[in-house]
Structures are given as structure tokens and as C-alpha cells.
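Read the numbers this way: they start at 1 and go in the same order the structure lists the ligands and their atoms.
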Amino acid sequence: MRRRLRSRRPRIKPSAFPRLQLERLSPRLSHWLLILPSLAAAVFALAFVIFLVQNVQNDRDRETSQLNEDLQWLKQALRFQVASDQRDLETLSTVLTTQGIGSADFIGRSLSLMQNNPEVLGLEYVDAHGQTRWRAPSTVRSDIISTKHPALRAAREQAIRNNETVLTQLMTDERGNSQIAIVAPVKLAQGERRCLVAWISLRSLLQLRTPWWINQRYEIGLLEADGKPIVARFERTQKTVFTRSVPLELAPPDLLLAASPNPENDRGWESALTVSLALLAVLMIASTWALRLHIKGRQAAEARLRQETAMRRAIEDSLVTGIRAMDLTGVTLYVNRAFSEMVGWSAEELQDGIPPHPYWPPEEQGRCQTVHDAILTGQFDTNGFQMKLMRKNGERFDVRIYVAPLVDGDGKHTGWISSVYDITELQHEREALQAAHERFVTVLNGLDSGVCVSHADSGEVLLSNAHFDRAFGLPEQRGPCCVAPFFPRHATLPIDAEWFDVYRNRWYYIQNRRSVWVDGTVVWLDTATDITARRDAAERERLQNEQLQQTARLVSMGEMASSLAHELNQPLAAIASYASGCRNLLAQDRPDLHQLDQAMEKMSGQAKRAGQIIRGIREFVQRQAPHRSLCHIGELFDTVEELLKAELQMNRIRLTIEQETELPPLFADAVMLEQVIFNLMRNAVEAMLSTPADRRTLQVRLSRDHDQLRVVIADRGTGIVPEQLEQLFKPFYTTKETGMGMGLNICRSIIEHHQGRLWVEPNPGGGSRFIFTVPFCEEAPNHES
Ligand code: ADP
């Protein structure tokens, strides 16, 4: 036995991964869960933008305050520089006054002033008229504004007059150079007043005295009081709009120191970041939205898949066919519920199994392995093959297996799938069917009747039993051309008739029906019962009966002789008395002819009646074959009543005849029926001879029972014990000393001959009642028989 191997493929149980199953949540909740990422992204973007705006605002505030501080600082620096220049010039003025213009100290100090203060463009020693007396060697005449400039002249006069150092107003030459000048008074010994003038370039002052870190942060410029730009830190920013300015407070020039944040330091990165973040947020929202759409689509697809899977599972579970799939190496991949129930092992037990499988019966291992190998090599019978398998409880069962290739979604052949049908039941059914068929054939062939089924159109015999084949000489091996044209057929009407086969000289009772055959075609179903023997017997019986009736009539005639004599006596006695009456009338002188005529007429009537009685008796005795005609039951009773009148009166029996109105006529032999009625009423009369006179009643009731006449003749006589009920109708059964015992037997024959029935039953209240039925004749008969 080969060891059963288990595949090492890891099997992942879905339940091992807890996950949020959106499909189990309510639609509203899952909708919100899907929107949530987009919403979160939007909220995040909004918060970030608010944060950014807030941050920018804070930065701006901080920058503004920093700008104010820096402007104040620069203002102080510039003022300090100008003040420093001013002090240097005042010192130089003092040296000039004390040591003279040619002194080394003055020259040294003047050179030092020019070199240490680059914003000082020039240094001149001018008299009260503005004439230059001395000029520092580095002064370029063309760079400085003329001493004739009104601002300079005014400053010079003020300095000389007030003996104080004065700053000029802003001076601008035609080239756009903006300068101010410091004018320091020089008091000579002779009392003459002169001045030392130092020109300061505002551009140089600004460019040289603004520290690098301020330059880096701001655009710096000097403005006039009305905001008109005088000079800026850099030429290229001449058009800069300054955001902040402070008065420089260099009296008298009324200047403003202005600044604006350096555009190079502009926080472009902030807006770029904002835009990037906005874009990012939009992208996030768009991507989450796209993700949402994707998830929704995926959910719909999953729902469809789930439904499809559920439906497939339901279909698979509802199948009674076992399904088993295996891969190309023969490892079981899948078995359905039906297969697992069929063999008794659970799907988990069978999964991943390899041969020999547990449901292979040990004695069939070899064959099972051969079939298995044949499947793996693709050499199997595509029309299926039969095998024997084993259930877990050891029971063997037959299956039929059909195999097909297992192909995956990419069209790749990945294994084999088998449909397994448990055919045990089928085989049992087949055997049962076969047995039933054999029983059917046995019964069919054992029938005395011939049975045949033939095609309604072609007449081809589809089925017949042995009796039929024998009777009509059909060969045992019939071909489809063999037809059964034996019987008369109508298009639709079923036939129930006796049929004489002239070729074989035999009588058959034929029953012929149209029916639908097992394949749905219309067929004739014929049964032919050979009734030749029965008919012969019936004929013999009929002849015997006729003979018997003849005898019975003769007997009845004897029985009736006395009453007949009595009956004839009456008309004859009447005739005799009428005759003697007539004679008496004729003996009179004037005979009453009218009375005579009446007497003669009555005499004639009585004679006719006597003749009738005699004629009736003769007919009754002589005739053998029934003579049918239309007759009314009431009239028949009238006749019999007439015959029995005397007897009834003599025995003081009351006769009542009740009749339903409107009873249809009968088509019958009136004399025979009269004989029946006569016999039954005679018997009733005789049965009541010992009955007390007051109870002697003979009741006749004529009624309709569907299409039959029902006649009840009830008496209060001796009655009949139950054991005798059927004995009475047998021939020669009698309880009377002089009886023949043939009356009731003949009556029953006559009634049955008229397709009716005669029977007796106890009469409630005492006595017995004889009942017979005869069919009415509702339609006019077209012939008499
Ligand atoms: P028979 O009258 O010659 O005896 P039937 O065949 O007429 O022959 O009657 C057979 C017997 O049936 C009678 O002997 C009698 O015993 C019995 N039977 C007939 N009719 C009646 C009746 N109405 N009541 C009681 N018994 C009857």
C-alpha cells in the first residue's frame, strides 16, 4: 500500500485574516466609510492652508517689527556717521584756527578725514564770499556741487553768522547726484570768517554705512519728505516701492530713510509650498475619490462574484451528480457535496488526496488504478465508463464516470474533472423494470383474449400477445410492414361489438379504443375475446329456454284453465241471461225494441270478450318468438287486472295500482310482459290466502328509475325466507302441492330477454315484493323484431 501523501501547499483560511467586511455593514455606513478618506484629505488640506496662512501672517508681523527695528538701527548709524563727520570737521576747523592751513596737523587730519570717511566727496576751505581758499588734494571738483549753490551759500552764511556747524539742505546737481554738505565756521585772528565745507554723498553714505546684513534683508533708500526717491541702495531697485520709512532727522535736510523687504528674500517657497500642498490635496482627494470609485466597482464586482459563487455553490450542492476535480498529477483538488455524500468521506478528507483513494474497493484497486492512469494520460472513453466504488461503511456501489479536461481561465489545461453518477438505483430500477416487463408479458400472454396495439395511421402492429398472434396467425418475427386490418374501425368512436371472422368461422367480442402510445403516437388498442363457445352455449340455452317456455306456457295454460273457465263463464252466463231477456222481450205484444237493442249489444260485447280471452290464450301458447311493439305498462296491467278480477274479488284482496304520470312507452312483447305480471300477481294472491282478510292488499307501484321502468308488486303474504330468495327463480322450485315451479323462472327469462332484471326482496311490514325493470323506449324504433 502506497503511503498517502498530503500536499505541502499552504492552505490559507480566509478567516485567519480579520478584515472589515464592508458588505456586512449597512449601506449608509459603508457609504460614509468610503467617503471618509476624501473627507479626511479635504480637512487635512484645509487645516494645512489655515496653518500656512497663519504662519505667513506671523512671519509678516515679525518681519514688519524687525524692519522697524532695523530701520531705527540704520537711522542711528547714518546719523552717527554724519555727526562723526561733523565732529571731525569741527576739529579740523579748530586746528585750522590754531595752527594754520599749512600746518602738518591740519593736512594730516584733513587727509585722514577724507580717507576714513569715503562718503565725504570733498573738503574745501572757503571764504565768506564762497571763494575757495584751499581744497583737499583728493577732492574732484566736478564731483561736488558748486559752492555757489543756494543751499550751500545759505548754510555758509548761517554758520558764519551763528558761528556753528551747519548741515545744508539736500542738494542735487544736473546729473542726479544728491549731496549734503557740512559747513564748519573758521574764526581767523583777523576777525575774518571763513568756513570749512565737507560734501557728503548720500549714495556713498547709504552704500558704505549700511551693514551687509541689512542690505541682505532690505531694499534701502533715502527719500525726500514728500516721498520722492533721492537715492537707493542699489540702482536696479530705483523703482522699488518702499513699504516702510522713518524720518532721518538730520536737520536741516528733511529726509526719510525707507526700506522694503528684499524681493530676493521673498518667500517664494511659501507660495510654491502652498500651491504644491493644494495640488497635493487635490491629488489626494482625486485619488481617494478614484479609489472610492474603484472600491465601489470592486464591491459591486465582489457582490456579483459572491452571488455567482453562491449560485454556483447552490447548483453544485443541488446536483445529485458527484463531481471530482484533480490536477495533472492526480491530486484531488475538489469534490462536491454529492460526491462526498456518495462515498461517505467529507470533502476535507478527500481534498489533496492521491491514489489509492479510500473509496477504491480493495478488490478493484488494480482496475481503479488503470482507469486513473488512463485519465491522466487522456486515454479514456469519452462516452463514460463504469466502475465499482466503495462507501465509507464498506458498501460497494456502481458508478458511471464521465471525464473532461479541466481548463483554467487562461485556457490552460490544469487537470481533469469527472462527473460520477451512482447507477446502483438505476440498475435496480432496470432490473425491476425488466421483471415488471416479464410479468406484464406473462400476464398478457396468459390472457384468453387477444390484445393488440397498432399504429393508428400505418396500422403497424406495435404489440400483441401470444393469443392474438395465434388467433390471427401472425408470424413470431413480425416486420414493420405487418398490419392488423382485422377489425372495423371508426375514426374516433370506440367499438364494443361482436364480430364474426368469416375466414376462421369464429365469433369475437371486439373492444377497440384509440389511445396514446408510450412514444406519444396515436394507436389503436384492440382486444379480441373469442366468444364462439359462449355464443354457442347461449344459443343452446336460448333454444332450451324457448322449449321451456313452451312447456311452461302449456303448464300455465293448465293452471289457468280453471280461472279461464270461470272467466269464460261470466261472459257466457251474461250472454245466456241477455238471450233469455231478449226472448222475454220478444214475447211481449209490443216488444221494447230499444231495450232489445241494448241487450243485444251487451250480448255481442260479452261474446267479443270471450273471443278475446280465447284468442289471447291461443297466441300465448302458440307463439315462440317474441313479438315486440310499442306498449304502455298501464294498459298491460289493465289487461291482467281484468283477467284476475274474479279471483281478487273472490279472495277479497284489495288491489291498488300507483303510477307516476307520464311514463314513456316500452318496446316489448306485450303478451309476454302480461304473462310476467299475471304470474307475479297470481303468486301474490296465492301467498295471501292465509293472511287475515283485512290485511290482504296487493300494491303495485309503477315508477321511473332513470331510463328504466320499475315495477314493484308487493303483497302481505307468507313472505320468503332469505335462503329462498334465489331458489325461487330456479326451475321446478315450488312449495305448492299443485305447483310446477316454472313460473318465476320463465318470468326472469322474459324480463332478461327484454334487457331488464327481476328480483325479490322482503316487503317492509310483512310479505314480499317482486321487482322488475325494463328499459323504456325513448326513441321511436325503426323496426319491429
Ligand atoms: P309455482 O307457483 O308453480 O310454485 P313459481 O315459480 O311461480 O311456481 O313459484 C315458485 C315458488 O315461489 C312458489 O312455490 C312459492 O313458494 C314461492 N312464491 C312465489 N311467489 C310468492 C309470493 N308472492 N309470496 C311468497 N312466496 C312466493
I want to know if ligand 1 touches [X] in the polar sense, i.e. an N/O pair below 3.5 angstrom.
X	result
D715	yes
K736	yes
T735	yes
G743	yes

Within the 4.5 Å heavy-atom criterion, are [X] and [Y] side-chain neighbours or not?
X	Y	answer
L543	R540	no
Q724	Y733	yes
I713	L698	yes

_My understanding is that we take every heavy atom of each candidate and find the minimum distance to atom 4 (O) of ligand 1. Doing that for I713, L698, T734, N745, which one comes out nearest?_
T734
By number and element, which atoms of ligand 1 are closer than 4.0 Å to a non-hydrogen atom of [X]?
X	answer
T718	25 (C)
A687	22 (C), 23 (N), 24 (N), 25 (C)
F770	20 (N), 21 (C), 22 (C), 23 (N)
Y733	10 (C), 11 (C)
S768	22 (C), 23 (N), 24 (N)

*asked:* Looking at ligand 1, is there an atom of it that comes within less than 4.0 Å of some heavy atom belonging to A684?
replied: yes
*Non-hydrogen atom of N679 closer than 4.0 Å to ligand 1*: no
_Inter- and intrachain pairs under ring-ring contact (aromatic ring centres under 6.0 Å, His included), touching residues 419-447, at least two apart_ = Y402-Y421
*Is any side-chain N of the basic residue among R682 and E647 closer than 4.0 Å to the acidic one's carboxylate O?*
yes
*Cation-pi between R513 and W524: NZ/CZ under 6.0 Å from ring centre and within 45° of the ring axis?*
no
_Test your reading of the model: is there a side-chain donor-acceptor pair from R400 to the backbone of V420, 3.5 Å cut-off?_
no
*Is the side chain of R396 donor-acceptor paired with the backbone N or O of G394 at a distance under 3.5 Å, no angle test?*
yes
